[in-house]
Amino acid sequence: LENDKLRVKFNNDGTISSIFDKEKHREVIADKNANRLEIYNDSFGNAWDFTPVIYDLQKESFILADVEVLVDGPKKVVKQHYKYNESTLDQEISLTSGSRILEFNTIVNWNETGKMLRTSFPINVYTDKVACDIQFGNINRPTHDNTSWDMAKYEICAHKWVDLSQGDYGVALINDCKYGHRVKDNLISLNLLRSTTYPDTHADKAVHEFKYCLYPHEGDYRTGEVVRRAYEVNIPLSIIEIDNNCNNINEINSFITVDSGSIILESVKKAEDNDDLILRLYESHGCGTRAKIAFGFEVEDVSLVNLMEQPIDSNKLNKENINLEFGPFEIHTLRIK
């Protein structure tokens, strides 16, 4: 696979041998064995827990059965069909023109018992911490086992992304619904599926559809706009068909705009007690900033409220030009009349 940003090479078994960043002239992965779809022995745990011993036991893999390459408009796709016991896995690995995101769209017919499916990416980046996305922000966790506390983090949780960065360069693994990760040294491993026998003896035996993406970028997660890219993966652009007779709709218009790249408009809803609009925003980079908010409709009044939508001290809000001051990872809720 190749576009103007990245060049991806595959091994005969379907794994990735190289991801070359053409703009930065550097190899993204550290080992010629990325995206190996491995099966772990998961018969020691239950739906809430498992032992780190499984990482050291012998592992099996999905076996590549068929490959197809196609072009769909600006997108180049490698379709791979895998088999393992009674399970099948179909994966479309794609690059779109102008994009630095390598997508893995996956459908698994999962029929295993006491097994765990994982994928992993050895990253050509060296750091002692990994940034992990959580609700309304992110936290750093160690990538080493120097203390017993570090060792206890053999499996870590993250929402939309994890990111390994060394200052000048970084790589993020973005997902749309898989939140169990293992990040040790420069290896990112993502937990894709499990099939525990307690409390449900047939847990997760079904057809699953999910997506994960590898995103090489310049600098750290802030410089690389990882937060924005993760939102674009999880909330893709939607197209809504309208009546051709709707002459009152502007060709270009934004409902709400925020002029700061680190401020996320997370929620938009109707107020509980009247027809006011409630907006919830947060700062996503761990930095203090000021943001100007503009509306594509007439606004009579703006006020800061708490989570119960009750008025609070509005000293951080300048109502005249609707400037709002944020501390690192701070959350603000606005009521718009």
Side-chain angles (χ1 to χ4, degrees), residues 9-19 28-67 80-91 93 104 106-124 130 141-146 148 150-158 162 164 171 173 175 178-208 210 212 214:
K9 294 182 179 180
F10 294 84
N11 295 309
N12 291 333
D13 62 357
T15 58
I16 293 176
S17 62
S18 171
I19 303 175
V28 175
I29 59 175
D31 189 350
K32 297 182 178 181
N33 195 15
N35 194 43
R36 178 175 293 278
L37 300 164
E38 290 186 310
I39 309 293
Y40 289 67
N41 184 343
D42 194 19
S43 58
F44 303 97
N46 54 44
W48 299 277
D49 202 6
F50 63 87
T51 170
V53 172
I54 68 168
Y55 300 127
D56 301 321
L57 299 178
Q58 185 174 356
K59 296 175 279 292
E60 300 176 280
S61 299
F62 267 93
I63 304 301
L64 183 65
D66 187 47
V67 179
Q80 297 181 334
H81 177 67
Y82 292 87
K83 294 181 180 180
Y84 173 81
N85 289 344
E86 300 300 317
S87 301
T88 60
L89 186 149
D90 291 283
Q91 193 164 71
I93 305 172
F104 299 82
T106 312
I107 299 176
V108 186
N109 187 354
W110 185 246
N111 298 292
E112 306 305 316
T113 299
K115 303 288 186 181
M116 178 191 295
L117 172 63
R118 305 183 74 97
T119 185
S120 60
F121 294 88
I123 304 302
N124 190 20
V130 55
R141 292 188 173 101
T143 61
H144 51 73
D145 288 336
N146 289 355
S148 59
D150 299 335
M151 294 176 65
K153 299 170 185 175
Y154 59 86
E155 186 87 352
I156 58 176
C157 58
V162 295
L164 284 177
V171 179
L173 184 61
N175 77 89
K178 300 296 178 183
Y179 307 137
H181 299 75
R182 174 174 170 81
V183 185
K184 291 301 177 185
D185 297 324
N186 66 327
L187 182 70
I188 302 177
S189 173
L190 180 63
N191 190 335
L192 299 177
L193 281 173
R194 298 182 68 195
S195 49
T196 57
T197 56
Y198 183 82
D200 182 359
T201 55
H202 300 284
D204 289 348
K205 291 185 178 180
V207 176
H208 300 260
F210 50 86
Y212 55 93
L214 200 71

According to salt bridge (charged side-chain N to carboxylate O under 4.0 Å, His left out), does anything in [range] pair up with another residue at least two apart or in another chain? List the pairs.
range            : answer
residues 52-63   : E60-K115
residues 188-204 : D42-R194
residues 178-188 : D145-K184

Intermediate values then yes/no, side chain to side chain contact (heavy atoms under 4.5 Å, CB included), S87 and K205
CA-CA 10 Å; S87 301; K205 291 185 178 180; over 6 Å; no
Which atom names give the shortest non-hydrogen contact between [X] and [Y], and what distance separates them?
X    : Y    : answer
G180 : E155 : C-OE2, 3.6 Å
Y179 : H181 : O-ND1, 3.3 Å
Q80  : G14  : NE2-O, 3.3 Å
A30  : I123 : CB-O, 3.8 Å
S189 : R118 : OG-NE, 2.8 Å
T119 : L37  : CB-CD2, 4.1 Å

Is the closest side-chain heavy-atom distance between [X] and [Y] below 4.5 Å?
X    : Y    : answer
I107 : L89  : no
V28  : N124 : no
I93  : N35  : yes
L57  : F44  : yes
I19  : L214 : yes
I39  : E112 : no
V130 : L164 : yes
P122 : R36  : no

| task | Hey, can you tell me if F62 and W110 have their rings parallel, tilted or perpendicular (30° and 60° cut-offs)? | result |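 Correct class here is tilted.
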Roughly how far apart are [X] [atom1] and [Y] [atom2], rounded to 0.5 Å?
X    : Y    : atom1 : atom2 : result
H208 : N109 : NE2   : CG    : 8.5 Å
D90  : H81  : CG    : NE2   : 5.5 Å
I29  : S17  : CD1   : OG    : 6.5 Å
N41  : F50  : CG    : CZ    : 12.0 Å
T106 : Y212 : OG1   : OH    : 4.5 Å

For N11 and I16, what are the C-alpha separation, side-chain angles and deciding distance, and is it a side chain to side chain contact (heavy atoms under 4.5 Å, CB included)?
CA-CA 6 Å; N11 295 309; I16 293 176; over 6 Å; no
Evaluation steps, side chain to side chain contact (heavy atoms under 4.5 Å, CB included), between N85 and N111: CA-CA 8 Å; N85 289 344; N111 298 292; over 6 Å; no
Tell me whether Y55 contacts the main-chain N or O of Y154 through its side chain, where contact means a donor paired with an acceptor under 3.5 Å.
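Looks like yes, one N/O pair under 3.5 Å.
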query: Under the 3.5 angstrom rule, does the side chain of S18 hit a backbone N or O of K9 as a donor-acceptor pair?
result: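 Judged by distance alone, no pair lies under 3.5 Å.
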For Y40 and N191: C-alpha separation, side-chain torsions, deciding distance, then whether side-chain hydrogen bond (donor to acceptor under 3.5 Å, both in side chains) applies. CA-CA 10 Å; Y40 289 67; N191 190 335; over 6 Å; no
Query raised in the report: Should K32 and T15 be marked as a side-chain hydrogen bond (donor to acceptor under 3.5 Å, both in side chains) after you check the CA-CA gap, both sets of side-chain angles, and the distance that decides it?
Result: CA-CA 8 Å; K32 297 182 178 181; T15 58; over 6 Å; no
Practice prompt. Answer yes or no: does atom CG of N12 have more than 12 heavy-atom neighbours from other residues, nucleotides or ligands under 6.0 Å?
Written response: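 Open.
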Might you work through the side chain to side chain contact (heavy atoms under 4.5 Å, CB included) test for I63 and Y84, ending with a clear yes or no? CA-CA 6 Å; I63 304 301; Y84 173 81; 5.9 Å; no
